[in-house]
Amino acid sequence: MIVWIDGVLGIGKSTTAQNLWQKHLRSNGELLDSDEYFTKLCNADIRLTFCSIFANDNPLFLQRFRSVIEQKVSSSNKDLIVTIALIRQESKKYLFDPLISQNIPTLHFVLTANRDTIVSRIKADIDRDQMTALNTLDDNIKFLEKNFQDAIWIDTEDKDALAVAAQIFHIYQQFKNEIKG
């Protein structure tokens, strides 16, 4: 099973996923953070940086990341928590759509908040390319709204990452019970 944690740059995907994994799914889940994996691959293969500096629009990375996800889903009895901002057509085309077409049980969460909250989160994150995150924010929101209407949208306004992770875990448990059902 795949648990996608999605949303615009700076919304809190990685922090939420870390909390979900540490507090709820450590024994039966594995965390695969696209940003960490992209950095690791770029350090090992310089060709990845020629396409794009971002994981979510780099076809070479997205195809490799999809292969890793497919391998982990097929070879492990653990559920996979995947974080990535599916905010570009490339990420949908090369990563999300091919995996969804395989009928792998999937929960796709899109984290959201009001625009001012997202802007303040981006500005508070010193490890982020703040200029890009701010300049692409409105387009990224529109892309998610247009392409992922069927996702489970979670409003993170006035919630910390622990509360959001708990909400996701509750939905995850319900979904797992339905599958067993």
Side-chain angles (χ1 to χ4, degrees), residues 1-38 55-57 61-114 117-118 121 140-181:
M1 177 175 168
I2 300 173
V3 178
W4 291 91
I5 310 289
D6 191 359
V8 298
L9 304 173
I11 192 69
K13 295 176 298 295
S14 294
T15 305
T16 297
Q18 279 287 342
N19 279 291
L20 177 64
W21 180 71
Q22 289 176 349
K23 303 291 184 193
H24 303 287
L25 295 175
R26 189 174 218 131
S27 62
N28 62 334
E30 181 178 354
L31 178 59
L32 186 58
D33 186 297
S34 63
D35 291 338
E36 289 179 17
Y37 197 74
F38 184 64
N56 55 26
D57 66 355
F61 167 75
L62 293 166
Q63 290 169 12
R64 286 186 184 183
F65 196 54
R66 184 181 76 222
S67 294
V68 169
I69 292 170
E70 290 168 337
Q71 184 272 326
K72 288 183 179 291
V73 167
S74 68
S75 67
S76 174
N77 59 356
K78 292 186 174 191
D79 293 331
L80 191 59
I81 304 163
V82 177
T83 65
I84 189 164
L86 297 169
I87 53 174
R88 300 276 190 277
Q89 194 60 44
E90 292 85 357
S91 57
K92 187 173 181 321
K93 176 182 175 183
Y94 293 106
L95 180 64
F96 189 77
D97 289 346
L99 286 167
I100 292 300
S101 71
Q102 295 178 36
N103 295 318
I104 300 166
T106 301
L107 284 171
H108 179 201
F109 296 95
V110 176
L111 307 184
T112 189
N114 76 50
T117 299
I118 298 169
R121 289 177 186 174
N140 294 343
I141 292 170
K142 287 176 190 172
F143 184 85
L144 290 168
E145 289 172 346
K146 177 182 175 189
N147 289 281
F148 300 113
Q149 296 171 355
D150 293 338
I152 302 165
W153 288 70
I154 296 186
D155 185 356
T156 65
E157 192 73 31
D158 300 324
K159 294 179 189 167
D160 64 17
L162 278 171
V164 176
Q167 185 176 354
I168 290 171
F169 182 66
H170 177 73
I171 296 167
Y172 164 88
Q173 286 180 307
Q174 289 176 328
F175 185 74
K176 290 290 273 195
N177 288 335
E178 288 174 17
I179 291 174
K180 291 177 187 175

- Message: Considering only residues two or more places apart or on different chains, which pairs with a residue in residues 65-93 satisfy ring-ring contact (aromatic ring centres under 6.0 Å, His included)?
- Response: Tyr37-Phe65, Phe61-Phe65

- Selection residues 155-172 - residue pairs positive for salt bridge (charged side-chain N to carboxylate O under 4.0 Å, His left out), sequence neighbours left out: none

- Gap separating the CG atom of Asn147 from the CD1 atom of Ile87, nearest 0.5 angstrom: 12.0 Å

- Heavy-atom nearest pair, Leu9 first then Ile118, reads O-CG2, 4.3 Å

- Query: Is it true that a side-chain atom of Thr16 and a backbone atom of Ala165 form a donor plus acceptor pair closer than 3.5 Å?
  - Reply: no

- Would you say Ile84 and Leu62 make side-chain contact, with heavy atoms under 4.5 Å? yes

- Item | Closest contact, heavy atoms only, Pro105 versus Phe175 | CB-CE2, 4.2 Å

- Item | Heavy-atom donor-acceptor pair, Ser91 side chain to Arg88 backbone, under 3.5 Å | yes

- Spacing of Lys92 atom NZ and Lys146 atom NZ [to the nearest 0.5 Å]: 9.5 Å

- Item | Between CD on residue Gln63 and CD on residue Glu90, distance to nearest 0.5 Å | 11.0 Å

- Query: Any side-chain heavy atom of Lys23 within less than 4.5 Å of one from Phe169?
  - Reply: no

- How about Phe96 and Asp6: do any of their side-chain heavy atoms sit closer than 4.5 Å? no

- Backbone N or O of Thr112 within a donor-acceptor pair of the Thr156 side chain at under 3.5 Å? yes

- Mind checking side chain to side chain contact (heavy atoms under 4.5 Å, CB included) for Thr106 and listing every partner two or more places apart, or none if nothing turns up? Ile2, Trp4, Ile100, Ile104

- Are side-chain heavy atoms of Ile69 and Leu95 found at a separation under 4.5 Å? yes

- Message: Rounded to the nearest 0.5 Å, what separates atom CG in Asn19 from atom OG in Ser14?
- Response: 11.0 Å

- Where Val110 and Phe148 come nearest, the two heavy atoms and their spacing: CG2-CB, 4.4 Å

- Item | Arg121: salt bridge (Lys or Arg N to Asp or Glu O under 4.0 Å) partners, not counting sequence neighbours | none

- CA sep, side-chain torsions, deciding dist, call: Lys13, Ile5, side chain to side chain contact (heavy atoms under 4.5 Å, CB included): CA-CA 6 Å; Lys13 295 176 298 295; Ile5 310 289; 3.9 Å; yes

- Residues in side chain to side chain contact (heavy atoms under 4.5 Å, CB included) contact with Lys72, at least two apart in sequence or another chain: Glu30, Leu32, Val68, Leu80

- For Asp79, check side chain to side chain contact (heavy atoms under 4.5 Å, CB included) against everything at least two apart and list the hits. Met1, Tyr172, Lys176

- Message: Please evaluate residues Leu111 and Ile168 with respect to the criterion side chain to side chain contact (heavy atoms under 4.5 Å, CB included), reporting the C-alpha separation (whole Å), side-chain torsions for both, the decisive distance (0.1 Å), and the verdict.
- Response: CA-CA 10 Å; Leu111 307 184; Ile168 290 171; 4.3 Å; yes

- Task: Enter the distance from Thr83:OG1 to Leu31:CG here, rounded to the nearest 0.5 Å.
- Result: 6.0 Å

- Item | For Trp153 against Ala151, the heavy-atom pair lying closest together | CD1-O, 3.2 Å

- Nearest 0.5 Å, what's the CG-CG distance between Leu86 and Asn140? 11.0 Å

- Note on the structure: Note: Gly7 and Ala85 closest approach over all heavy atoms is O-CB, 3.2 Å

